[in-house]
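Below is one structure, written out as structure tokens, with a few remarks after it.
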2 protein chains.
Amino acid sequence: MSEKVKKRTLISDIAAHLEVSIATVSLVLNGKAKQSRISDAVAERVLAYVKEVGYKPNHLAKSLRTGKTHVIGLVVEDIANPFFATVAALIERQAFERGYRIIYCSTNNDTARAQELISMFQERHVDGYIVVPAADIEQQLTEILREHTPTVLFDRYLPGLPTNYVVVDGAQGIYDATSHLLEQGFSNIAFVTTDSAQTQMQDRLAGYQRAVQEHQLPQTVKHVAVSKDREAVLADLMAFIDEHRQCDALIFSTNYLSIYGLEAISRLGLRIPDDLAVISYDDHDLFRLYTPAITVIAQPVESIAKNVIDILLAELTQCASPAPRALQQVVLPPTLVVRQSSVRRAAAQGKKVRKQEAAG
Amino acid sequence: MSEKVKKRTLISDIAAHLEVSIATVSLVLNGKAKQSRISDAVAERVLAYVKEVGYKPNHLAKSLRTGKTHVIGLVVEDIANPFFATVAALIERQAFERGYRIIYCSTNNDTARAQELISMFQERHVDGYIVVPAADIEQQLTEILREHTPTVLFDRYLPGLPTNYVVVDGAQGIYDATSHLLEQGFSNIAFVTTDSAQTQMQDRLAGYQRAVQEHQLPQTVKHVAVSKDREAVLADLMAFIDEHRQCDALIFSTNYLSIYGLEAISRLGLRIPDDLAVISYDDHDLFRLYTPAITVIAQPVESIAKNVIDILLAELTQCASPAPRALQQVVLPPTLVVRQSSVRRAAAQGKKVRKQEAAG
DNA sequence: TGCGCCGGCCTAATCGTTTTAGGAACTTTA
DNA sequence: TAAAGTTCCTAAAACGATTAGGCCGGCGCA
């Protein structure tokens with residue numbers, strides 16, 4: 001008489017209670033009543049009873065049998081980064097509405113971890129992948145592709161790998177940002193990026209280079225080695241900024257670099273934009289709220305999410321066709337959002353002020 | 001002769017190749033070789049071959065058979081909120097090391113969504129739950145508890161529900177913050193919180209009330225109705241601040257409220273801390289970097305994560321004992337991190353300055 | 001009356017594992 | 001030499017669903 005552990009209802013319980021076969025119940029539940037010529041009367045009884053007892057099929061058994069899990073594996077660089085968090089949230093919502101679930105993981109751009117995660121997703125039999133590829137995971141991805149599991153990359157791609165991808169035209173974004181700074185009268189613009197060799201970073205660098213070359217201006221590029229050691233990164237950046245007093249503007253290639261940059265600039269006691277104009281690639285709460293507000297190259301997050309999920313779901317649902325589908329490779333335009341950090345103030349001549357300080 | 005889809009290796013393939021039974025392979029792989037008296041010779045051959053072909057068991061089949069998925073469902077309010085993101089990341093790491101995987105979802109404090117998610121986790125047969133409970137989900141949780149699925153709540157709990165939980169002593173945190181402001185000479189302190197009736201918010205409010213009552217000071221509480229409409233929230237906050245010019249300090253009950261608050265204060269052209277001191281519950285990148293840096297009541301994220309996962313794993317692994325385990329209900333202390341936003345500057349008398357401005 | 005057809009439902013195989021109950025071969029004991 | 005142990009491994013029943021194929025009875029038609 002002790003309190004019983006409530007057993008989960010099984011399809012067999014339903015069948016037994018209604019005195020029909022398990023198959024009948026299953027067919028009704030999967031909407032195959034009509035094509036299997038189950039009478040409406042029986043179908044209705046089944047549905048009514050299922051609803052009454054709140055039966056939920058066991059997804060494990062279902063997936064084992066059908067080979068479909070309706071789960072998509074999402075591998076991003078860092079889910080705590082607002083850019084990835086936002087895109088992930090948008091993707092999740094759309095996938096949910098279409099009956100797919102998302103499981104996410106962060107690689108922190110660590111190749112080994114990325115491999116581990118993809119391997120874990122394989123074990124869990126995800127139906128498809130959305131991946132922000134870390135460096136050197138071509139092999140793992142090749143394996144996935146060989147299994148014909150639908151896959152979409154975003155933010156960056158791996159040259160030479162025949163995959164779908166959705167990326168942003170970072171070269172154009174940075175080119176526009178640089179041009180904007182030049183129009184504002186800044187003439188010595190440095191570009192701060194990471195030491196990554198990945199496509200998105202190379203593109204952004206290329207955009208900077210094209211812009212300064214076109215105007216025959218000096219080119220100053222800083223490659224920051226990102227490490228766990230906050231202070232080391234800050235020290236590195238501060239040294240760079242301090243050693244390049246001739247620069248009057250800085251473009252950061254990604255949001256977390258900009259955050260380091262703002263802290264470095266603040267510690268050096270420099271003022272934005274009077275001493276140094278600043279533009280960041282990627283938007284962020286902080287940039288909107290910072291004083292002064294930071295000009296950014298915003299990525300079209302909604303559009304990225306929509307394209308990614310559309311491409312993936314198209315592949316997932318048209319799995320019937322055995323013919324290899326055409327690759328979808330989408331490049332979206334970013335938007336320059338001009339705020340105070342890159343706009344010359346009427347009153348102060350930033351450069352002059354800074355040189356005085358340096359001299360003092 | 002066309003390129004073949006590489007079939008996954010099965011345990012039966014291994015068995016066939018080694019000319020042993022499937023059972024033998026399975027026993028060896030599950031470390032039951034010794035207790036099943038499999039000879040070392042066979043065990044080694046199995047392991048060697050498994051490694052060679054890179055066999056990975058099908059988790060779906062395994063889980064179906066054993067009833068264990070080694071997956072923990074994590075339901076938080078908003079995974080994009082740095083507090084939850086950090087705790088989630090810490091929990092994930094620890095769980096991973098102990099062989100468990102985490103799947104997360106955000107409720108956005110929406111009861112219906114929370115129910116949907118828990119229901120989805122039930123379908124997926126998670127082994128345990130970690131939940132930041134939205135309001136009114138007692139019933140769902142009761143159902144989980146009746147199934148004896150190990151569960152730990154955190155950040156807040158549901159009074160009356162006999163569950164494990166890990167929370168932070170928000171009352172003490174806010175009390176300390178209020179006291180600190182009083183010591184700094186601020187005497188008219190308002191408390192800005194949400195309209196939530198949940199325990200964590202009520203606790204924080206209680207801490208404020210105790211502090212002001214002890215000093216027989218006026219009590220000013222603003223309940224912000226958080227909505228999707230950014231501008232509406234901002235307008236509401238700006239109106240409140242504007243109508244309470246006598247206040248010289250503001251305490252915000254949670255990080256995203258503070259972010260709204262900073263924007264409101266900035267739009268009103270008020271200066272921190274001269275016109276208005278500010279303290280936020282919860283730390284955030286933004287608060288460290290803001291000018292001036294914002295004083296916060298920091299929650300012990302590592303400790304929260306460690307307690308949560310330890311309690312959960314203890315229940316998950318000692319499932320053998322049928323006796324109901326004692327409930328673990330942990331309350332951790334927060335830390336006041338004093339920064340410039342709550343410290344009177346020697347030079348300026350904030351209150352005076354502000355009154356002048358208001359008069360002008 | 002016999003045949004085919006069709007509507008209505010069920011039987012049973014299957015997905016890839018785990019795990020219990022035992023069985024064959026060999027060794028020891030009496 | 002038969003009984004009793006050991007040692008090493010296997011057969012087969014689960015787990016909970018899906019789904020191809022089949023069976024049966026009734027109806028229309030010649």
Side-chain angles (χ1 to χ4, degrees), chain A residues 7-47 49-50 53-71 122-125 127 147 319-320, chain B residues 5 7-47 49-50 53-71 122-125 127 147 320:
Chain A
K7 282 282 290 180
R8 206 181 269 271
T9 315
L10 303 182
I11 196 169
S12 53
D13 300 333
I14 309 275
H17 179 267
L18 295 177
E19 298 184 307
V20 296
S21 79
I22 292 181
T24 304
V25 177
S26 174
L27 290 169
V28 169
L29 288 178
N30 290 298
K32 305 202 172 149
K34 276 283 174 290
Q35 64 181 267
S36 296
R37 295 163 314 197
I38 308 287
S39 65
D40 291 352
V42 170
E44 277 167 26
R45 280 175 59 218
V46 169
L47 290 175
Y49 187 64
V50 159
V53 298
Y55 164 73
K56 299 268 174 62
N58 182 327
H59 271 253
L60 293 168
K62 190 171 192 150
S63 297
L64 177 58
R65 185 58 236 259
T66 61
K68 303 255 150 273
T69 54
H70 282 248
V71 170
Q122 279 183 288
E123 284 177 38
R124 300 271 162 203
H125 293 250
D127 287 353
E147 289 178 356
C319 56
Chain B
V5 178
K7 284 282 289 179
R8 208 179 265 271
T9 315
L10 303 181
I11 197 171
S12 53
D13 299 333
I14 309 274
H17 180 265
L18 295 175
E19 298 183 308
V20 296
S21 77
I22 291 180
T24 304
V25 178
S26 174
L27 291 169
V28 169
L29 286 178
N30 289 300
K32 305 203 172 149
K34 276 282 175 288
Q35 65 181 264
S36 298
R37 295 160 317 198
I38 307 286
S39 65
D40 291 353
V42 170
E44 278 167 25
R45 279 175 57 219
V46 170
L47 290 174
Y49 187 65
V50 160
V53 298
Y55 164 74
K56 297 267 174 61
N58 181 327
H59 272 252
L60 292 169
K62 190 171 192 151
S63 298
L64 177 58
R65 183 56 234 254
T66 61
K68 303 255 149 273
T69 53
H70 282 248
V71 170
Q122 278 181 288
E123 284 177 39
R124 301 269 165 205
H125 292 250
D127 287 353
E147 289 179 355

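Here is how names work: the chains are called A, B, and so on, in the same order as the sequence lines, proteins then strands, and each is numbered from 1.
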Would you kindly give the [atom1]-to-[atom2] distance between [X] and [N], to the nearest whole Å?
| X | N | atom1 | atom2 | result |
| --- | --- | --- | --- | --- |
| A:Lys62 | C:dG16 | NZ | P | 18 Å |
| A:His70 | D:dA17 | NE2 | P | 16 Å |
| B:Asp13 | C:dC15 | CG | P | 12 Å |
| B:Asn58 | C:dT18 | CG | C1' | 13 Å |
| B:Glu44 | D:dC8 | CD | C1' | 15 Å |
| B:Ile22 | C:dC15 | CD1 | C1' | 13 Å |
| A:Glu123 | C:dT17 | CD | C1' | 14 Å |
| B:Leu60 | D:dT18 | CG | P | 14 Å |

Does OP1 or OP2 of [N] have a side-chain N or O of [X] closer than 4.0 Å?
| X | N | answer |
| --- | --- | --- |
| B:Lys32 | C:dT18 | no |
| A:Asn30 | D:dT18 | yes |
| A:Ser26 | D:dA17 | no |
| B:Tyr55 | C:dT17 | yes |
| A:Thr24 | C:dC9 | no |

Of all heavy-atom pairs between [X] and [Y], which one has the smallest distance, and what is that distance?
| X | Y | answer |
| --- | --- | --- |
| A:His70 | A:Asp127 | N-OD2, 2.7 Å |
| B:Asp13 | B:Arg8 | OD2-O, 4.1 Å |
| B:Leu10 | B:Tyr55 | C-CE1, 3.7 Å |
| B:Ser63 | A:Leu60 | CB-CD1, 3.8 Å |
| B:Leu18 | B:Val46 | CD1-CA, 3.6 Å |

Looking only at side-chain atoms of [X], point me to the closest of [options].
| X | options | answer |
| --- | --- | --- |
| A:Ser21 | C:dT18, D:dA11, C:dC10 | C:dC10 |
| A:Ala23 | D:dG16, D:dT19, D:dT10 | D:dT19 |
| A:Arg65 | C:dC10, D:dG16, C:dT17 | D:dG16 |
| A:Leu27 | D:dT19, D:dG16, C:dT17 | D:dT19 |
| B:Ile11 | D:dT18, D:dA11, C:dT17 | C:dT17 |

**Item:** Under 4.0 Å protein heavy-atom contacts per nucleotide of nucleotides 3-8 of chain C, with B for base, S for backbone only and - for none
**Value:** ----BB
Decide yes or no for [X] and [Y]: does some side-chain heavy atom of the first lie under 4.5 Å from some side-chain heavy atom of the second?
| X | Y | answer |
| --- | --- | --- |
| B:Asp40 | B:Lys34 | yes |
| B:Asn58 | A:Leu64 | yes |
| B:Val53 | B:His17 | no |

**Asked** Of B:Glu19 and A:Leu29, whose nearest nucleotide on DNA chain D comes first from the 5' end?
**Response**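 With B:Glu19 and A:Leu29 compared, the 5'-side residue is B:Glu19.
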**Request:** Describe the nucleic acid contact of A:Leu10 in one word from base, sugar-phosphate, nothing, applying a heavy-atom distance below 4.0 Å.
**Result:**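 A:Leu10: backbone/sugar contact only, no base atoms under 4.0 Å.
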